[in-house]
Amino acid sequence: MARRTARPRQRTSAAVPAGCPCGLPAAYEACCGRFHAGGDAAPTAEALMRSRYCAFVQGDAGHLLRTWHPRTRPERLELDPGMRWTGLEILATAGGSAFHPTGVVEFRASYRGGALHERSSFERVDGAWVYVDGEFPG
């Protein structure tokens with residue numbers, strides 16, 4: 001009788017989807033990814049802020065340019081491929097709902113080696129939220 005060596009059993013486990021890079025528990029595709037795909041528009045200034053953060057994480061300059069106010073948008077945008085964003089924290093919001101024409105989102109975006117603290121302004125253009133500009137609180 002031949003001797004058999006026991007092989008470890010391979011476990012099959014369902015992959016647990018990670019939450020969206022914006023910090024919400026939904027998967028990227030169901031959260032910010034749907035805004036990047038162009039099918040849906042962000043319903044609030046905060047949702048747009050989160051989708052823009054994810055665009056930086058994903059290297060999606062097209063989404064960033066599409067969601068930038070025409071009067072402040074640069075002609076082109078070059079993202080640093082070496083930048084590693086590690087988290088987003090929403091610090092405060094003002095306005096920015098379906099009932100407001102403008103909104104402000106203050107956030108801290110962490111990256112390997114530091115963090116960016118910004119207070120971003122948003123407006124509606126043709127019904128869709130767009131990023132106008134930001135200031136860096138002291």
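Computation of the quantities below employed the complete heavy-atom set of this structure, encompassing side-chain atoms and omitting hydrogens, waters and symmetry-equivalent molecules.
- Taking the six-membered ring where tryptophan is involved, the planes of Trp85 and Tyr53 are perpendicular, since the angle between them exceeds 60° and thus also 30°.
- Of the options Arg34, His63, His36, a side chain to side chain donor-acceptor pair (under 3.5 Å) to Ser51 is made by His63 and by none of the others.
- Residues Thr86 and Arg112 share a closest heavy-atom pair of CG2-N, 3.9 Å.
- The CD atom of Glu123 lies 8.5 Å from the CH2 atom of Trp129; values are rounded to the nearest 0.5 Å.
- Under a hydrophobic-cluster definition in which Ile, Leu, Val, Met, Phe, Trp and Tyr are linked whenever side-chain heavy atoms come within less than 4.5 Å, directly or via other members, Leu77 and Tyr131 are assigned to the same cluster.
- Both Phe136 and Tyr111 sit in one connected hydrophobic cluster of ILVMFWY residues. Membership requires side-chain heavy atoms under 4.5 Å apart, directly or through other members.
- Closest non-hydrogen pair, Ala42 versus Leu48, comes out as CB-N, 3.5 Å.
- When the side chains of ILVMFWY residues are joined at heavy-atom separations under 4.5 Å, either directly or via intervening members, Leu79 and Leu88 end up in a single hydrophobic cluster.
- Closest non-hydrogen pair, Ala115 versus Arg108, comes out as CB-CG, 3.9 Å.
- The line from CG of Leu91 to CZ of Phe107 is 9.0 Å long, rounded to the nearest 0.5 Å.
- Using a distance-only test at 3.5 Å, with no hydrogens or angles considered, no donor-acceptor pair links the side chain of Arg124 to the main chain of Pro101.
- For Val125 against Val130, the heavy-atom pair with the smallest separation is CG2-CG2, 3.6 Å.
- Looking only at atom types and distance, the side chain of Glu46 has no donor-acceptor partner in the side chain of Thr44 under 3.5 Å away.
- In this structure, CZ in Arg50 is found 7.5 Å from SG in Cys31, a value given to the nearest 0.5 Å.
- The shortest distance between side-chain heavy atoms of Val132 and Ser120 does not fall below 4.5 Å.
- One hydrophobic cluster, built from ILVMFWY side chains closer than 4.5 Å, cannot hold both Tyr28 and Phe35; they sit in different ones.
- For the atom pair CD (Glu135) and NE2 (His117), the distance works out to 9.5 Å, reported to the nearest 0.5 Å.
- Looking at every heavy atom in both residues, Pro137 comes nearest to Glu106 through CG-OE2, 4.1 Å.
- Here Leu65 contributes atom CG and Arg73 contributes atom CZ; the two are 7.0 Å apart, rounded to the nearest 0.5 Å.
- By the rule that hydrophobic residues join a cluster once side-chain heavy atoms approach within less than 4.5 Å of another member, Phe56 and Met49 end up as members of one cluster.
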